[in-house]
Amino acid sequence: MSALVTVDLRDATPPFEQIRTQIASLIAVGHLADGSRLPTVRALAGDLGVATGTVARAYKELEALGLIESRRRLGTVVTHDPSSGTVDAEGGIQALINELITTARTAGIEDATLLSLIQGRMRAGGQGLLAKPGQGTDADGDRARLKR
């Protein structure tokens, strides 16, 4: 599982948040099924080259969300069944991701550029997603404030 989670120390997103988001996504799309064991805090921290407290914080937040549970002798396990949630691994989200990749490649956008664009939008909190280009945003892409 640790091969599926990466940490980019150059990214402005804190490492614990990167770990939390990636594990939550793996659970949401069904890659980590209910009952799957996660690596120990120490093992994952060693694999990723981060402090154990960083992984512990990510696990703690995932536990607060009800996605994982720490059990004595069994370690940390996934406690969320993706089929009970709103994300269908074979449906909506996967189809949209595939469509986005295909559209970007057809437009000549390199994979690294696409990832950068997506990460930038996610860091911005998805603000302006409903606004059409040039509407409700200023030249820097920020939402324009209404003037009285």
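Linking ILVMFWY side-chain heavy atoms closer than 4.5 Å, directly or via other members, places L44 and L9 in a single hydrophobic cluster. Under a hydrophobic clustering in which Ile, Leu, Val, Met, Phe, Trp and Tyr are joined whenever their side-chain heavy atoms come within less than 4.5 Å, directly or via other members, L38 and F16 fall into different clusters. Hydrophobic clustering, with ILVMFWY side chains joined whenever heavy atoms are under 4.5 angstrom apart, groups L4 together with V41. Residues I101 and M122 share a single hydrophobic cluster, defined by chaining ILVMFWY side chains whose heavy atoms lie under 4.5 Å apart.
Put simply, the side chain of T21 gets close to the backbone of E17: a donor and an acceptor are under 3.5 Å apart. At least one donor-acceptor pair closer than 3.5 Å links the side chain of R37 to the backbone N or O of L74.
Across every non-hydrogen atom of L67 and A24, the tightest pair is CD1-CB, 3.8 Å. For the pair Q18 and T13, the tightest heavy-atom approach, listed with the atom from each and the gap, is NE2-O, 2.8 Å.
Rounded to the nearest 0.5 Å, atoms OG (S116) and CD1 (I109) are 11.0 Å apart. Between T79 atom OG1 and L62 atom CG the span is 9.5 Å, to the nearest 0.5 Å. Atom CG of L65 and atom CD1 of I23 lie 11.5 Å apart (nearest 0.5 Å). Atom OG1 of residue T6 and atom CD of residue Q22 lie 4.5 Å apart, to the nearest 0.5 angstrom. Atom OG of S36 is separated from atom CD1 of I68 by 12.0 Å, given to the nearest 0.5 angstrom.
Residues passing the side-chain contact (heavy atoms from CB on, under 4.5 Å) test with T40 are R42, A43, sequence neighbours excluded. In this view, R71 and E69 satisfy the side chain to side chain donor-acceptor pair (under 3.5 Å) rule, not counting sequence neighbours. In this structure Q119 satisfies the side-chain contact (heavy atoms from CB on, under 4.5 Å) test together with R123, sequence neighbours excluded. In this view, L100 and L114, I118 satisfy the side-chain contact (heavy atoms from CB on, under 4.5 Å) rule, not counting sequence neighbours.
Inter-residue side-chain proximity for V5 and L26 is flagged as met; some heavy-atom pair is nearer than 4.5 Å.
Listed by first and then second residue, the side-chain hydrogen bond (donor to acceptor under 3.5 Å, both in side chains) pairs that reach into residues 96-105 are R105-D111, sequence neighbours excluded.
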Side-chain donor/acceptor pairs under 3.5 Å, residues 48-60, sequence neighbours excluded:
| from | atom 1 | to | atom 2 | distance (Å) |
| --- | --- | --- | --- | --- |
| R57 | NE | E61 | OE2 | 3.4 |
| Y59 | OH | P39 | O | 2.7 |

